[in-house]
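Beneath this line is the structure, given in structure tokens, with notes to follow.
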Amino acid sequence: MKEFFITPADDIQSIVNGLTEPAVLHLAKGIYRQKIEICADDVTVIGEGEDTVITFDDYARKIHADGQEYNTFRTYTLCVTGERVKIKNLTVENSNDDPRTAGQCVALSVHAKEFCAENINLKSMQDTLFLAPFPDDLVVRYRGFIPRRQLYAEGAGVHLFKNCKIFGTVDFIFGCAEAYFLGCEIVSLADQRNIGFIAAPAHSLKQEHGFYFIDCNITSGGANDSTCYLARPWRDFGKCAFINCKVGGHIAPELFDKWNDTDRDLTARFLYHNLDCAFAPSPVPWSRGLDSDETNYIINRCKSKFKANMR
């Protein structure tokens with residue numbers, strides 16, 4: 001396995017583009033102002049802690065070189081399309097801090113089937129972390145606009161996050177992947193809108209598995225009490241579960257929201273179990289508590305995925 005020792009003066013993209021075999025990229029502390037796509041397979045990126053920062057500032061309403069707005073899905077700072085990529089011990093940031101005027105601003109966009117992250121910080125405001133695949137209707141809409149390697153994702157994929165810290169305001173963990181967040185801190189920031197939503201799942205009905213938050217700490221990074229929700233469904237049948245999580249007072253007692261004036265409360269698959277809330281929860285009636293067998297199944301599946309993929 002080839003190893004590279006990289007400083008902020010180096011062009012990470014040119015190094016990645018030249019890879020022809022599995023590699024480890026060691027990133028020294030510092031600010032890497034770079035927009036990067038990891039398109040090679042079997043790449044491990046290791047920083048020296050949260051002071052190793054990959055940052056950029058693209059935003060949805062910015063005009064691209066093609067004359068069109070960037071749109072949510074071209075704003076990423078780091079995009080992963082290679083398989084079996086692992087990222088450890090660093091920060092990925094989209095530095096835009098006013099989504100009300102700039103629109104969405106993605107920090108990390110994952111389009112691979114197999115991806116692992118450990119001890120990373122993800123920082124942005126709206127739409128911090130996108131976990132592909134796209135909803136079916138967007139695959140059709142974005143043909144010719146989003147590169148094929150990002151737009152199409154056949155078969156099931158699994159994305160793993162362990163001991164990570166993820167910051168945002170609105171829909172800041174979104175997409176259609178089977179994804180596990182184990183022992184992570186999920187931090188709701190504040191912006192001028194004074195409302196926040198953590199997860200925005202868009203899984204189709206044919207997908208059995210969704211977003212699973214296990215043993216996570218749901219905290220406020222400035223969000224006011226009762227102004228945020230654990231999740232709202234980006235599309236019908238979106239699925240997520242919060243298990244054994246500690247939940248701060250910034251979360252509304254209802255826990256979940258149905259997404260504006262839609263009827264997605266009729267199809268959303270929103271689940272919870274053993275939440276340690278800083279308030280008296282009163283979950284919306286269309287969410288459901290998991291029983292012990294269901295919870296054990298999810299936790300055991302989580303453990304097996306981490307054991308198989310995070311070596």
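Numbering of residues begins at 1 and proceeds along the displayed sequence.
Remark: the backbone N or O of Ala132 is not paired with any side-chain donor or acceptor of Gln150 at under 3.5 angstrom. Side-chain atoms of Asn94 come within 3.5 Å of backbone N or O of Thr75 as a donor-acceptor pair. Between the side chain of Thr77 and the main chain of Val92, no donor-acceptor pair closer than 3.5 Å is present. For the pair Arg84 (side chain) and Ala112 (backbone), a donor-acceptor distance under 3.5 Å is absent. For the pair Asp171 (side chain) and Asp127 (backbone), a donor-acceptor distance under 3.5 Å is absent. A donor-acceptor pair under 3.5 Å is absent between the side-chain atoms of Arg235 and the main chain of Ser204, judged by distance alone. Within the 3.5 Å criterion, the main-chain N or O of Lys113 finds a donor-acceptor partner in the side chain of Glu83. Of the possible polar contacts, one joining the Lys239 side chain to the Glu208 backbone as a donor-acceptor pair under 3.5 Å is found. Not a single donor-acceptor pair under 3.5 Å links the side chain of Asn296 to the backbone N or O of Asp293. Of the possible donor and acceptor atoms, none in the side chain of His250 sits under 3.5 Å from a partner among the backbone N and O of Cys228.
Taking CZ from Arg33 and CZ from Phe56, the interatomic distance works out to 5.0 Å, rounded to the nearest 0.5 Å. Expressed to the nearest 0.5 Å, how far CD of Glu37 lies from NE2 of His111 amounts to 8.0 Å. Within the model, atoms OG1 of Thr91 and CD1 of Ile87 stand 11.5 Å from one another, a figure rounded to the nearest 0.5 Å. Taking NE2 from His273 and SG from Cys245, the interatomic distance works out to 10.5 Å, rounded to the nearest 0.5 Å. Taking CZ of Phe237 as the reference point, atom NZ of Lys206 lies at 11.0 Å (rounded to 0.5 Å).
Grouping Ile, Leu, Val, Met, Phe, Trp and Tyr by side-chain contacts under 4.5 Å, direct or through others, puts Met125 with Phe167, Val187, Leu189.
Under the 4.5 Å side-chain heavy-atom criterion for ILVMFWY residues, a single connected hydrophobic cluster contains both Ile166 and Val85.
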For a quick test of your reading: what N or O donor-acceptor pairs under 3.5 Å do the side chains of residues 16-25 make, sequence neighbours left out?
{"unit_1": "Asn17", "atom_1": "OD1", "unit_2": "Gln13", "atom_2": "NE2", "d": "2.9"}
{"unit_1": "Asn17", "atom_1": "ND2", "unit_2": "Gln13", "atom_2": "O", "d": "3.4"}

Could you tabulate the donor-acceptor pairs under 3.5 Å formed by side-chain atoms of residues 46-55, not counting sequence neighbours?
{"unit_1": "Glu48", "atom_1": "OE1", "unit_2": "Lys29", "atom_2": "N", "d": "3.4"}
{"unit_1": "Glu50", "atom_1": "OE1", "unit_2": "Asn121", "atom_2": "ND2", "d": "3.4"}
{"unit_1": "Thr52", "atom_1": "OG1", "unit_2": "Glu48", "atom_2": "N", "d": "2.9"}
{"unit_1": "Thr55", "atom_1": "OG1", "unit_2": "Glu93", "atom_2": "OE1", "d": "2.6"}

Atom pairs and distances, donor-acceptor, side-chain atoms in residues 253-260, under 3.5 Å, two or more places apart:
{"unit_1": "Asp257", "atom_1": "OD2", "unit_2": "Trp259", "atom_2": "N", "d": "2.9"}
{"unit_1": "Lys258", "atom_1": "NZ", "unit_2": "Thr262", "atom_2": "O", "d": "3.0"}

Could you pull out all donor-acceptor pairs under 3.5 Å where a side-chain atom in residues 174-184 meets a protein atom, sequence neighbours excluded?
{"unit_1": "Glu178", "atom_1": "OE1", "unit_2": "Arg301", "atom_2": "NH2", "d": "3.3"}
{"unit_1": "Glu178", "atom_1": "OE2", "unit_2": "Tyr180", "atom_2": "OH", "d": "2.5"}
{"unit_1": "Glu178", "atom_1": "OE2", "unit_2": "Arg301", "atom_2": "NE", "d": "2.8"}
{"unit_1": "Glu178", "atom_1": "OE2", "unit_2": "Arg301", "atom_2": "NH2", "d": "3.2"}
{"unit_1": "Tyr180", "atom_1": "OH", "unit_2": "Arg301", "atom_2": "NE", "d": "3.1"}

Full working for side-chain hydrogen bond (donor to acceptor under 3.5 Å, both in side chains) between Gln126 and Arg193: CA-CA 11 Å; Gln126 182 165 344; Arg193 295 169 292 187; 2.8 Å; yes
Pair Asn224-Thr227, side-chain hydrogen bond (donor to acceptor under 3.5 Å, both in side chains): steps then yes or no: CA-CA 6 Å; Asn224 291 324; Thr227 60; 5.6 Å; no
Evaluation steps, side-chain contact (heavy atoms from CB on, under 4.5 Å), between Glu69 and Ile63: CA-CA 4 Å; Glu69 289 187 346; Ile63 301 302; 3.8 Å; yes
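Between Phe134 and Tyr142, the ring-plane angle classifies as perpendicular under the 30° and 60° cut-offs.
Aromatic pair Phe73/Phe130: centroids less than 6.0 angstrom apart. Less than 6.0 angstrom separates the ring centroid of Phe161 from the ring centroid of Phe115. Aromatic rings of Phe242 and Tyr272 (six-membered ring for Trp) have centroids beyond the 6.0 Å cut-off, not under it.
A salt bridge is defined here as a Lys NZ or Arg NE, NH1 or NH2 lying under 4.0 Å from an Asp or Glu carboxylate O, and Asp276 with Lys246 fails to meet this definition.
When the side chain to side chain donor-acceptor pair (under 3.5 Å) test is applied to Arg269, no partner is found at least two apart in sequence or on another chain.
Dense packing is recorded around NZ of Lys62, with more than 12 heavy atoms of other residues, nucleotides or ligands lying under 6.0 Å away.
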